[in-house]
Amino acid sequence: MDAQLKKGFIEVCVLAALKKEPSYGYKIVSDVSKHIEISESTLYPILRRLETNGSLETYSKDINGRIRKYYQLTRLGHLRIIDFIDEWKEMEKVIEFIKESGEII
Amino acid sequence: MKRKEFIKQLDKQLYFLKYEERQDILNYYNELICDKTDLGLKEEDAVLSVGSIEEIVSKLKESNPDTVEPKQGKIKTSNSHGGNILLFFLLIPVWIILGALSFEMVVVVFSFIIAGIAIEFSAIVSVIGLISSATVAPLSLHTVTIVGMIIVLFGLGIIFIRGSILLFKGVFKLIKLMFKGLSRTLRGAN
């Protein structure tokens, strides 16, 4: 897959992984990697970017005597998922056109 | 490699980031390794699984192109100087005038300091003279006048010295600004 395209996908996948409930680093990598290849070092800059642009919020929780950082989806984060799905619908139409034109040739 | 060693080494390699961001990254990897060991992975394997330090650093730089390494910044500056050798030579008269002007200003300020010290010294000599004369002749109205003059001398000396120190600071800043401005012009023309 194209690197830029993949980057965009991973970002939305991370948001999607947080849709049901807040999550933490290890769990996000595990959940997302079931669908798309992602490493721990790739995830960190994405989380940071999503937090900076307001799609995520963070809080810390004491788990078994150590602090764990949780990431939580904001309203803007939810909107970004919806926007992505809408954009993808338009994209499907374009793909359909590309496929059809391919058949003619 | 053990977790603590890994975090320590990673910290060293993140020197180009601000303290808060560095701590956030270290906490992130520390938490990941701890989570993995809690699930039964060996500490060394958990460290290996989060990726190499080189990979982590390169991913961070990739996602954060604004981050300028202090070392690289310096190299860039010196490179830009390299391209301006001709301009540097053309500006030699300006450098000389600036240098002479700076030297003159420093000399003037320095002479003020010397004057201040001389005044203080004369005040001290007057005190010594007064004490020695007081042992020979009895105190008179003249003595009071001389004491007054000595106090004035001390005061003047202090004003001269303090004033010239302040002036020196100002002149130093001015010289720095002049040279900074000139080298900026040199770089700006690149």
Side-chain angles (χ1 to χ4, degrees), chain A residues 1-15 17-18 21-34 36-72 74 80, chain B residues 1-69 72:
Chain A
M1 197 191 287
D2 174 71
Q4 208 57 38
L5 197 65
K6 193 179 169 186
K7 209 171 139 189
F9 266 118
I10 293 178
E11 232 176 81
V12 186
C13 283
V14 170
L15 291 173
L18 300 169
E21 55 182 1
S23 187
Y24 51 95
Y26 175 74
K27 196 169 181 301
I28 299 171
V29 175
S30 313
D31 290 345
V32 174
S33 61
K34 285 173 195 160
I36 193 165
E37 196 193 332
I38 186 174
S39 66
E40 285 85 352
S41 54
T42 313
L43 178 67
Y44 181 81
I46 293 172
L47 287 172
R48 187 89 185 173
R49 197 162 49 240
L50 290 172
E51 194 186 343
T52 315
N53 69 28
S55 305
L56 294 183
E57 275 173 355
T58 61
Y59 63 91
S60 297
K61 212 171 165 182
D62 196 315
I63 303 286
N64 302 328
R66 61 184 172 84
I67 300 291
R68 185 183 272 164
K69 192 172 179 181
Y70 278 84
Y71 300 85
Q72 186 177 353
T74 60
R80 285 200 60 192
Chain B
M1 199 194 302
K2 289 274 186 187
R3 177 176 56 93
K4 278 189 181 169
E5 177 63 21
F6 175 80
I7 297 295
K8 210 171 128 186
Q9 284 196 23
L10 182 62
D11 188 22
K12 273 187 198 165
Q13 295 303 313
L14 298 177
Y15 61 91
F16 57 94
L17 293 172
K18 281 183 196 153
Y19 177 79
E20 289 80 20
E21 201 172 345
R22 216 165 61 220
Q23 287 307 310
D24 194 52
I25 295 164
L26 296 179
N27 288 338
Y28 171 81
Y29 283 101
N30 192 50
E31 187 194 302
L32 271 175
I33 296 165
C34 287
D35 278 335
K36 290 187 181 210
T37 47
D38 279 359
L39 285 167
L41 213 64
K42 264 206 256 168
E43 196 172 320
E44 285 86 350
D45 293 336
V47 167
L48 278 175
S49 73
V50 297
S52 68
I53 291 175
E54 292 77 32
E55 189 190 327
I56 293 169
V57 173
S58 81
K59 289 260 173 71
L60 284 168
K61 283 182 184 169
E62 214 176 276
S63 68
N64 214 357
D66 295 340
T67 318
V68 179
E69 282 182 60
Q72 278 187 356

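Source: prediction; values computed, not measured. Just so it is clear: chains get the letters A, B, ... in the order the sequence lines come, proteins before strands, and each one is counted from 1.
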K.L.:
Taking ring pair (Phe, Tyr, Trp, His ring centres under 6.0 Å) as the test, write out the residues that go with Y28(B), two or more places apart.
P.N.:
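With neighbours one apart ignored, the set is Y44(A).
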K.L.:
So with a 6.0 Å cut-off around CD of E37(A), is the heavy-atom count from everything else above 12?
P.N.:
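No, because the 6.0 Å sphere around CD of E37(A) holds 12 heavy atoms or fewer from other groups.
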K.L.:
Using heavy-atom distances under 4.5 Å, tell me whether I67(A) contacts chain B through its side chain, its backbone, both, or neither.
P.N.:
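Looking at I67(A), just its backbone touches chain B.
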K.L.:
Chain A contacts: which residues in residues 45-55 of chain B have a non-hydrogen atom closer than 4.5 Å to it?
P.N.:
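Residues in range: S49(B), V50(B), E55(B).
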K.L.:
Contact part of R66(A) toward chain B, heavy-atom cut-off under 4.5 Å: side chain, backbone, both or neither?
P.N.:
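Side chain of R66(A) only, per the 4.5 Å heavy-atom cut-off to chain B.
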K.L.:
Run the salt-bridge test on K7(A) and E62(B) with the 4.0 Å N-O cut-off and return the result as yes or no.
P.N.:
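Salt bridge absent between K7(A) and E62(B).
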K.L.:
Would you mind reporting whether D35(B) and K27(A) have side-chain heavy atoms less than 4.5 Å apart?
P.N.:
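SC-SC contact between K27(A) and D35(B) ruled out.
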K.L.:
How close do G25(A) and L32(B) get, counting heavy atoms only, and between which atoms?
P.N.:
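Looking at all heavy atoms of both residues, the shortest contact is C-CD2, 3.9 Å.
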K.L.:
Would you say Y19(B) has more than 12 foreign heavy atoms packed within less than 6.0 Å of its OH?
P.N.:
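Atom OH in Y19(B) is not packed in, count stays at 12 or less.
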K.L.:
State whether the number of non-hydrogen atoms from other residues, nucleotides or ligands found under 6.0 Å of D62(A) atom CG is greater than 12.
P.N.:
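For D62(A), atom CG is crowded (more than 12 foreign heavy atoms under 6.0 Å).
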K.L.:
Give, for atom NZ of K59(B) and atom CD of E40(A), the distance between the pair rounded to the nearest 0.5 Å.
P.N.:
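Those atoms lie 9.5 Å apart.
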K.L.:
Check this for me: does any side-chain nitrogen of one of D24(B) and K69(A) sit under 4.0 Å from a carboxylate oxygen of the other?
P.N.:
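A salt bridge links D24(B) with K69(A).
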K.L.:
Any side-chain heavy-atom pair from I25(B) and R48(A) closer than 4.5 angstrom?
P.N.:
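The answer is no, as the side chains (C-beta and beyond) never meet within the 4.5 Å cut-off.
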K.L.:
Could you check if a side-chain atom of Y29(B) sits within less than 4.5 angstrom of a side-chain atom of S41(A), using non-hydrogen atoms only?
P.N.:
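They are in side-chain contact.
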K.L.:
What part of S39(A) lies closer than 4.5 angstrom to a heavy atom of chain B: side chain, backbone, both or neither?
P.N.:
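Side chain of S39(A) only, per the 4.5 Å heavy-atom cut-off to chain B.
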K.L.:
Is any side-chain heavy atom of K36(B) less than 4.5 Å from a side-chain heavy atom of Y26(A)?
P.N.:
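K36(B) reaches Y26(A) side chain to side chain.
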